[in-house]
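To start, the structure under review is shown below, and the notes come after it.
Every chain is numbered from 1, with letters handed out A, B, ... down the list of sequences. Computation of the quantities below employed the complete heavy-atom set of this structure, encompassing side-chain atoms and omitting hydrogens, waters and symmetry-equivalent molecules.
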Amino acid sequence: MALIKLRNLGKIYQSGDTEFAALRDVNLDIERGEFVAITGSSGSGKSTLMNILGCLDSPSRGSYVLSDRDVAQLSRIELARVRNQFIGFVFQNFNLLSRTSAAENVELPLIYAKVPPAERRARAKDALERVGLGHRAGHTPSQLSGGQQQRVAIARALVTRPPLILADEPTGNLDSATSIEIMKLLAELQTSGMTIVFVTHEPDIASYADRKLSLKDGAVVSDERTGATQEVA
Amino acid sequence: MISAGETLRLAARALSRNKMRSFLTALGIIIGVGAVIFMQSIGEGAKARVRAQIESAGTNIVMLFSGSSQGPGGRGGAGSQPSITWEDLRAIQTELSSVAAVAPQMNASQPVISETNTWNTQITGTTPDYFTIRNWPMSSGAMFTASDQAGAAKNAVIGQTAADNLFGPGVDPVGQLIRIRDAPFTIIGVLERKGQNAMGQDQDDVVFIPLSAFQTRMQRGLGKFVPGRIFVSAVSPEAIPRARNEITQLLRERHRIGANDEDDFSTSTMAEMTSMLTSTQETVTLLLSSIALVSLIVGGIGVMNIMLVSVTERTREIGIRMAVGAQPADIMAQFLIEALVLATVGGALGVLFGVGFGHILAGKLGWTMATRTEIVVLALAVSAGVGVIFGLYPARKASRLDPIEALRYE
């Protein structure tokens, strides 16, 4: 059973009398354990797709089944629960809480998952060690480099052990050496069984994925499986 | 939704991150609550003092005055037209079950001469019951007796202030002689200190002599009417209204006053005097307290203002929290509790500030402070309420943010 199943998915934005279709009739299955890159020029609908995949936004029509559950028409409260349990987010600009230690940033999703404090701290520590930042747990984002901040963000995404990690231009603010580190880290997560979907516009970053989707004008125009993931390194 | 304890922790952390701003925001509430507590405590203290002074006059007391005169010169004060006779007094004393004792009181201001000093003081003629009615014990010596009264004995009981001025402080004057209008009186007792009355007069600057002696020495002859005011004590505090009614009934009958005619005497109780003397203070306290309350509301607006700024500033934080699974209710609770903590801690500090400032000022100016627990609880409840009311709008605004927009916010 596919982790993600999109059927006739559409998203229409309305401004005044004019309608704009950001997504039209997207049909897509993503299996568990896949490492998927989404590419496309700006305005192609990839951000809209990511927002819907991330349950931050609801489609105008069609269905979205995530982990055997139709999430297309859930309420805000239920969407928040789905985000907390099934999805980990990694953003281009890291989106860590400033003046808050790395460990506390990583704990954040666990607070909303109602995990007791002691267990929370232990799991945050594990997650930080997994991304190689166990020794930086007490540092605040401003005391960390960009690559380290993105590692903290990845630790935050995986601390709830979600089946799906969504990364929106995860290397967009990083230099190329750091970008490679981050992509390797994501590839490692894939080998541990997580499904990873990321957006990028850089072909060499996209080549880390074993499946590449291209979007244009709100539709998937190509879907290729490469199989080889480590060739650039 | 996450637990209240967890939300409280989040709020405390957010507030402590901006200590100065939190303090300045709370300052509005601190000053508002502090002012309310201060005004109430001072007002309550003043009232308690008046009440204590009035109660020092005695317990269960009904005061009885002769009627006021009505003539071409206008209406005179109570007692200016004698109407109550000695017979009336005897009837009140013997016929009414609600009355425990009756004591008339006549005053004159006279120089009193001791062996060493001369002192201008108040001479009061009364009966032995007077001291029971006024609940006024002796500090040394004895009270004059019914036989002193019957025989117009030249015995005197003296107040502390008069004693100090006639014989010097610390001297026991019992057994000493004093002269009042050339007549020698023997001091047989000294009263305990009673302090000022509600009007600020020194109640201890007095020499008491038997009423009969007063009448022969000061007035020359017994009149038909009882001059001055008459102290009547009811059998219990509950019996006061009944005693007053019975006295009124009895005197109306005895004076043959028609059903539609006015009384030719008047009565009053200590409760009336208390409420008369405290009502002005209550009005002033109420006025000042409502001004203080307005400042509390202004403080609340300050809380709302800062919470709105805070929501805008932390838009991205809200987006991040929503992305990782915070529900709208979690965000709402976080900001609402922040406002609540801000206002309630401000309220608690305000109570401390109001009481502390009040005590310092009261100590310096010799005022009395009386902080009522209800007022403190009310002030805390009102500040918590202010926090909730003025925190609601910003918190709602925060909870309704769109996570996508919020994450994009710079």
Bottom line for B:E317: the part with an atom under 4.5 Å from chain A's heavy atoms is both
Within-4.5 Å side-chain heavy-atom neighbours: B:R321 and A:L97:
yes
Any idea which of A:P109, A:A113, A:P117 has the most non-hydrogen atom pairs under 4.5 angstrom with chain B?
A:P109
Hey, could you give me the CZ/CZ distance between A:R99 and B:R13, rounded to the nearest 0.5 Å?
12.0 Å
More than 12 heavy atoms of other groups within 6.0 Å of A:I77 CD1
no
Does atom CZ (B:R400) have a neighbourhood of more than 12 heavy atoms from anything else shown, all under 6.0 Å?
no
Tell me, for A:S98 versus chain B, whether the close heavy atoms (under 4.5 Å) come from the side chain, the backbone, both or neither.
backbone
Turns out that what part of A:L79 lies under 4.5 Å from chain B's heavy atoms comes down to neither
Exercise: identify the closest heavy-atom pair between A:A80 and B:A326:
CB-O, 3.7 Å
Considering only heavy atoms and a distance below 4.5 Å, find which of A:R120, A:E78, A:Q85 pairs most often with chain B.
A:R120
Side chain, backbone, both or neither: which part of B:S399 has an atom under 4.5 Å from a heavy atom of chain A?
backbone
Against chain A, label B:I2 side chain, backbone, both or neither, depending on which of its atoms sit under 4.5 Å from a heavy atom there.
both
Distance from B:I320 atom CD1 to A:F94 atom CZ, nearest 0.5 Å?
12.0 Å
Just grab all the side-chain hydrogen bond (donor to acceptor under 3.5 Å, both in side chains) pairs involving residues 344-369 of chain B, residues at least two apart or on different chains.
none
Of the backbone (N, CA, C, O) and the side chain (C-beta and beyond), which part of A:Q92 lies under 4.5 Å from a heavy atom of chain B, both, or neither?
neither
In this structure, CG of B:L407 is separated from CZ of A:F91 (nearest 0.5 Å) by 4.5 Å
What is the distance from atom CG of A:N93 to atom CZ of B:R316, rounded to the nearest 0.5 Å?
5.0 Å
Best-contacting candidate, A:L108, A:I87, A:L96, against chain B by heavy atom pairs under 4.5 angstrom
A:L108
Interface residue of largest heavy-atom contact number with chain A, from B:M322, B:R17, B:R314, under 4.5 Å
B:R17
Tabulate, in ascending numerical order, the residues of residues 55-76 of chain A having at least one heavy atom closer than 4.5 Å to a heavy atom of chain B, or enter 'none'.
A:L56, A:D57, A:R76
